[in-house]
Amino acid sequence: MLRGAVYFDAVPLVLALLLLFLTACSGQFPQSVFEPRSDFSTELAGLFTNIFWWAVGVFVIVETLLLIAIARYRARPGAAEPKPVHGHTALEIGWTLAPALILVFIAVPTMRTIFATAGQAPEGALRVEVIGHQWWWEYRYPTLNISAYNELHLPVATPIQVEMTSADVIHSFWVPRLGGKRDLIQGRTNRIAFRADSTGEYWGQCAEFCGASHANMRLRVFVQSDSAFQRWVDQERAAPATPAKGSPAEAGLQVFRRSACIGCHTIAGVAQGKIGPDLSHVGGRATIAGALFPNTSETLHRWIMNAPSLKPGALMPPQNLSPQDLDAVVAYLQSLK
Amino acid sequence: MTHGSTHATSMGVDNRKMAFWAFIGSECLLFGSLIATYLVYKGRSLVGPYPHEILNIPFTSFSTFDLLMSSLAMVLALAAVQRGDMKQGKLWLFVTALLGLIFLGGQFWEFSHFVHEGLGLTTNLFGSTFYVLTGTHGAHVTVGVIWLLTLWIQALRGKLGPQNALTVEITGLYWHFVDVVWIVIFTVVYLIQ
Amino acid sequence: MTEQTGAHATTGTYLRIAAILVMITLIEVGVFYVPAFQSVLVPVLLVLSAVKFTLVVMFYMHLKFDNRFFAFLFGGPLLLGFAVVVSLLLIFYGAIRLRTGM
Amino acid sequence: MKSWLTTTDHKRIGLLYFWTAFGFFMIGGLEALIIRAQLVRPDGGLGVSAETFNQLFTMHGTTMVFLALMPLSAAFFNYIIPLQIGARDVAFPRLNAFSYWVFLLGGLFLNASFVAGPLFGADRLSVAPDAGWFGYANLTSRQFSPGPNVDFWLLGLQILGIASLAAGFNFVVTILNMRAPGMRMLRLPPFTWMTLITQFLVITAFPVITVALVLLMFDRFFGTHFFLPAGGGDPILWQHLFWMFGHPEVYILILPAMGIISEVLPTFSKKPLFGYTVVVYSGVVIAFLGWSVWSHHMFSTGLGPIADSVFAGTTMLIAIPTGVKIFNWIGTLWGGQIRFTTSLLFAVGFIAMFIIGGLSGVTHASAPSDLQQTDTYYVVAHIHYVLFGGTILGLFSGIYYWWPKMTGRFLSERMGKVHFWLTLIGMNLAFFPMHFSGLLGMPRRIYTYSADLGVARFNQLSTIGAFLIGIATLVFFWNLLRTRRRPSNAPANPWGGATLEWAISSPPPVYNFTVIPTVTSRLPLWQTERHAPMAPLPDRPPAPIHVPGGSWWPMITAFGLPIIAIGALAHLIPIVLAGAAVVIVGIYRWAYEPFEM
Ligand code: HEA
Ligand code: HEA
Ligand code: CUA
Ligand SMILES: [Cu+2]
C-alpha cells in the first residue's frame, strides 16, 4: 500500500510538469493563452502565472502532508491504540490564517488587474463595434465608416476600444492571444480595450454556447502595420468591383440579382439584404462562414449549394442553382476584393 | 397522526409545525426573488400603461384592510378552537375564508379592470412582473381559502375540535404569512410607484 | 404537547394589534397622498410596512411567544431573501448607472 | 412488489433512491462517453451531429447533477440519517416516499425526451433539452429554441425541484427534532451535520430557481418578455437567478460527500475526527458564503469592476473554511492506525483530488484570470475534479462503508481496489488534460474542433481516461450485483465505527432500534477518555413496536405532476387539469388517511 500511496498523486504531478513545459514552448497553439500579444492578455497571463505558482505551492505542501500521513500511519499489527486527539486550537488558528494570508497575495493583484482591464481605452483609441449573429460576426468601425465580417483588421500598437452587443442570443468574443472573453448580449453594450503589440494573424472563436453551430462560430483577427491597415481600409471603403462586360463574373452578378441572395445579403449598389454578412468585399477575405473554411472556389461552391450541411443550423438555406449559375456566382463573389 | 403524541421531540416542538416554519422560510425566498424581479424591471417598460396610470390605491387599501381583518379572524378562530369553543371556531374560520374570498374577488376585479385598461400579461414588463407577482400571491390565497374551507367543513361535520388545534394553528401560520407577503407587496408595488 | 412556551396573547391583544395594523395602513395611504411627504415617501413606507410585518409575525404567528428556534428558521431565510432583493437591485442599478454614465 | 411501491420505510426508500440514482449515473456516464468518443479526434470522431451533441452535454450535466449526485446523496440521507440520530424513521415517512416518486418520475420525464421526438413530428433523439444545464436566456426563448426541448428541461426541473424541497423540509425536521435523547446538536455525527446544512441550502436555493423557471415558462408559453431584450427584459437576470441557485447547488453536491468522509476517516484511522466543531462550523460558513458568490459564473458578462471585485473576493474566502476541513481531515489521519480499506482509499482520493479542483476554482475566482478560462475546458476540468474527484469519490467511499449496513453483505475488497485504482487513474487521465486543452483555446460545448488548435492529443487522453472510468464503473457495478449472491454475514459493526448506525444489526430491522438509545457522547460506540461505550441494545424490543403500514397516496400524488407537465408540453389544458386533480385528490386522501407512526 505504501507504493500505492506514492503513486497517489503521481498522475497529476507529472501532468502538472507537462503544463510548465507547455507554457515554455510555442507555435503550434494558435488559441493559447500562454502567448499573449497585447497589453490586456499579458496582464491576464501574468496574473494567472502568479496564482498558478501559489496554487502549486499549496498543492505540493498539502498533498505532501496527506501522503506522509497515509504512508506513516498505516495500521501495523500489534501497535498501540492511537491517541484520541480531538483537536488543537493553535493548529486550527494557524491553518485558518495561512490560507487567508495567501489569499491576500492573490486578491490584491486580482483587484488591481480588474481595474486595469476594466475595458476603458485611452482617448483617441480606434473604436470597433462587434455584433454577434448566429453564427457570424459583424464589425463596425464607426469612425472609419467601414464594416468587416468575421475577419477583424486592426492596426498594431494602437489602442482599440471594442464595444460589443448581439443581434440575437448571447455570444462571447474571445481571441486568447489578444485578451479575455467578453459576452455579447442583446440590449447591452460591453467593452474591452487592448493594444496589440505585434502584427500577425490571431485566432479566436465564440465562447458562449449559442446554439447549433456554436462550435463553428470562429473568427480571425489580422493585426497589421499602419500602412497595411490603411490599405485595407481604403479597399473596404471603395465601391465593390463591377465585373467587366461579358466576363463570367458579370453573369454571376446577374444570377445574384435574380436569386434569393439579394434578400439576405448586401452588396453595395446591388442588394441590401440584412440577414447574412455583407458581401461587398467578400473576395478579399481569407475565410468564409465564420472563419470556418478557406475562401476558395471549391468551398464557395459547396457553401452556396448547401450551407447547413457544412455548418449545422446555418441560417442560409441551400441555394438551388444550376451548375453554370453557381460557377458564375462564385466567380462574381471572388471578384469582389 | 403526529409524533408529538407518541414520543417527545428533541426540540420540544411538533414536527409539522417546525416543517411549516421551514416551509415559510423557504417561501421568503420565493417571494423575495419575485419581488426582486419586479423591482429590477421597475421603470423599464417600453410601452404603457405604467404603474401610476393604472394602480388604484383606495381600492387596494381596502383589499389590504380586508386581508388584515382576515388575519384577525384567523387568530380568533385559533383561540376559539384552542379553548374548545367550536361555535366561535366555526364562525371565525368561516369569516377568515370569506374575507379571503373577498380579497380574491377584488383581485379578480382588479385584473379584469387592468386588462380592460390595456394592461395584459404580455403588454409590457410592468404587466408581466405585476401579474406574476400578485398572481403568485393570489394563488397562495386560493390555496389558503380552500384549506380554511376544508377545516370549516370538518368543523361543521363535528370532526374538528381542540385536539386539532395544531392543524388550525398551522393553517393560521400559512394564512398570516400570506398576509405579511401582501403587506410587502402593497408597499412595494402599490405605494412606492 | 409541549411547544407552548411563555405567556399567551389574549383576544384583547389581538384586537389591539388589529387596530394598530389598520391605523398604520391608513397612515401609509395618507402619506402617499400628502405631497409634502413625497421626498421621504419611500423610507417612511418601508419602515411602516416593516412594522406591520413584524406585528403580524410576532403576535398573530406567535413568534414572540413560541420556540425561539422558529425565529431562526424563519428569520434566516427572510434575511437571505431580503439580501437577494437588495443585492440584485445594487447590481442592476449600479450597472445602469455605469452604462448611462459613459 | 406492492410493499415496495407503498413503502414508507426510510431504509427501503434509501435503497430505491440508490438504485434509481445509480441507473441515472450510468445513463449520464454513457452520455459522457459518447461526448468523449466524439471529441477523440478533430472534426468529429464519431460523427455525432451538432444538434445531438448539444442534447448530450445538456442531458449529461442535468442528469449528473439532478438525477445522479443529489439523489445518491439522498440515498444516504434516507438510509443513514435516521439511524445515526437514533430515530425510528424520518419525520414524515409518507412525504419521504412522495419525494422519491417525484424524483423518479421527474427523471423519467426528462429522459423520455430522448425518444419522444415522433410525438412532436420530429425524429427520435431530437427533442431532448439542448441549451446547456444552465439554460442561458435568451437562447432558451421560443424564438431561438422553438421545439419542445427546452420545455422538457424546464418542466422536468420544476418537478425535480418539488422532490428536493419536500425532502429538504423533511430532513431539516428529522435532524432537528427526531434525535435520540442526549443527542445534542454538537454530538451529531458529521455526516448528519453536513446533511442538515445541505438541506438548509436546498430549501433556500430551490425557490429561486423555481421562480426563474416560472418566468422562463411564462416567456415560452405565454409570450412575456422577462428575459427578452425585445420587450425590455434582460437575459442577464436569468443568469443571476440561476446562479443564485446554482452556486449553492454545487455545495449541495459537495457537503454530503464531505460529511461521508468525515465519518470514514475517523473509523479507519481509529481516531476521532480532528477538530469536530471546527469541521462543523466550517461547513456552516461554506454554506453561508456559498450564498454570496454567485456572480463568479458571470465574470465575462461585464458586471463592472466593483461587482467583479466583490464577487472575486467572496469566492476566494470560501477557500479558507474548505482548507480548514482539508487540514482537519489530514489531522485525523495523522497519528492514526490507518486501515486501507476501499472506503478509506476513496476518502483519501477525495481529499487528494478535491484539492486540485479547489485550486483551479481559486484560479477562476480571480475575475480577470477567469476571462481566459470561463467557457473553456479548463472549467470542465474544474467541475469534474470537484464533482467527480470530490463528490463521486466521496459517495463511493460511503457506498463501500455503508453497504454492509444497508444490505448485510460485504462488497468485495479486491474488486473494490481495482475499482479505486482504475477510477483514480481514469479520472486523472480524463480530466487533467482538460486543463491544457482549455488553456490552449478549446471552448466547452463544441462538438467539433479544428486540428490546427493543437489540442487533439489532450482530447485523446481525456477520451481514454473516460473509458477507463467506464470500465472501472462496470467493475463496481458487477461488485454491487454479485453481493446479492454472497452470504448475508455482516456483523453489526464491521468496521468498528463510532456512531449509532453501527449499534444495530446489518441490515437493521424495520423498527431500527429495539429501544431508543440514550446518547452520552459524540462517539457513542467508542471508549473515550470520559465515556465508556454505550451498553449494547437488547436483541428484542421489550414491547412490540408498531410500524406504520405503507401508503399508496404519495406515489399517486406524485403521478399527478408529470401528468401536468405532459399537458403543458402538449399545450392541452384538460390534461393539465387532470394532473392537478390527481394531485389534489391524492393530497386529500393522504391527509385523511389513518397513518400511525
Ligand atoms: C462540487 C461542486 C463544486 C465545488 C465544491 C466548487 C468549489 C469552488 N468553485 Fe466551482 N464550479 C462547479 C462546482 C464546484 N465548484 C461547477 C459545476 C462549475 C461550472 C458550472 C458551469 O459553468 O457549468 C463551477 C464553476 C466555478 C467558477 C466559474 C467558472 C467559469 O465558468 O468561468 C468559479 C469562479 O470563481 C468557481 C470557483 C470555485 C471555488 C473558488 C471553489 C472553492 O469552494 C474551492 C475551495 C477549495 C480549495 C481552495 C482547496 C482546498 C483548500 C486548501 C488546501 C487551503 C489553501 C488554499 C489556498 C490558500 C488557495 N467554480
Ligand atoms: C455532476 C457530476 C458529473 C459527473 C460525475 C460527470 C462525469 C463525467 N463527465 Fe461531465 N459534466 C458535468 C457534470 C458531471 N460530469 C456538468 C455539470 C457538465 C456541464 C454540462 C453543460 O455544459 O451543460 C459536464 C460536462 C462534461 C463535458 C463537456 C461537454 C462539453 O462542454 O461539450 C465532458 C467532456 O468530456 C464531460 C465528461 C465527463 C466524463 C467522461 C465523466 C465520467 O466521469 C463519467 C463516468 C461514468 C461512466 C463512464 C458510466 C459508467 C459505465 C457505463 C454506462 C457502462 C458503459 C461503459 C463502457 C462500455 C466502457 N462532462
Ligand atoms: Cu456564438 Cu457561441
Ligand atoms: Cu459557483
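Chain naming here is simple, since letters A, B, ... match the order of the sequence lines and numbering starts at 1 in each. What you see is a predicted model; the values in this text were computed from it and never measured.
Side chains of D/D452 and A/Q28: no donor on one and acceptor on the other come within 3.5 Å. Using modelled atom types, one finds no donor on one side chain facing an acceptor on the other under 3.5 Å when comparing D/T301 with A/D183. Looking only at atom types and distance, the side chain of D/Y447 has a donor-acceptor partner in the side chain of A/N216 under 3.5 Å away.
By number of non-hydrogen pairs under 4.5 angstrom with chain A, the leading residue of D/K271, D/E51, D/M316 is D/M316. In terms of heavy-atom pairs under 4.5 angstrom with chain A, the leader among D/M298, D/K270, D/M442, D/R339 is D/K270.
At least one side-chain heavy atom of D/W334 sits under 4.5 Å from a side-chain heavy atom of A/I68. When side chains are defined from C-beta on, A/V62 counts as touching D/F327, because their heavy atoms get closer than 4.5 Å.
The number of heavy atoms from other shown groups lying within 6.0 Å of CZ (A/F105) does not exceed 12.
Rounded to the nearest 0.5 angstrom, A/W174 CH2 and D/T376 OG1 are separated by 5.5 Å. We find the CG-CE distance between D/D308 and A/M111 to be 10.0 Å, quoted to the nearest 0.5 Å. Here the straight-line distance linking atom CD of A/E208 with atom CG of D/D375 works out to 4.5 Å at 0.5 Å rounding. Distance check: D/L440 CG to A/Q31 CD gives 10.0 Å after rounding to the nearest 0.5 Å.
Looking at A/A100, the atoms closer than 4.5 Å to chain D (heavy atoms on both sides) sit in the backbone and in the side chain alike. Contacts of A/K83 with chain D are made by backbone atoms alone, with heavy-atom separations under 4.5 Å and no side-chain atom involved. Only the side chain of A/E92 comes within contact range of chain D, with heavy atoms under 4.5 Å apart. With a 4.5 Å cut-off on non-hydrogen atoms, A/L91 touches chain D through its side chain but not through its backbone. Looking at A/E43, neither its backbone nor its side chain comes within 4.5 Å of chain D, counting heavy atoms on both sides.
Using the six-membered ring where Trp is involved, A/F29 and D/F458 have ring planes that are tilted, between 30° and 60° apart.
Under 4.0 Å is where a charged nitrogen must lie from a carboxylate oxygen, and between D/D234 and A/R188 at least one such pair does.
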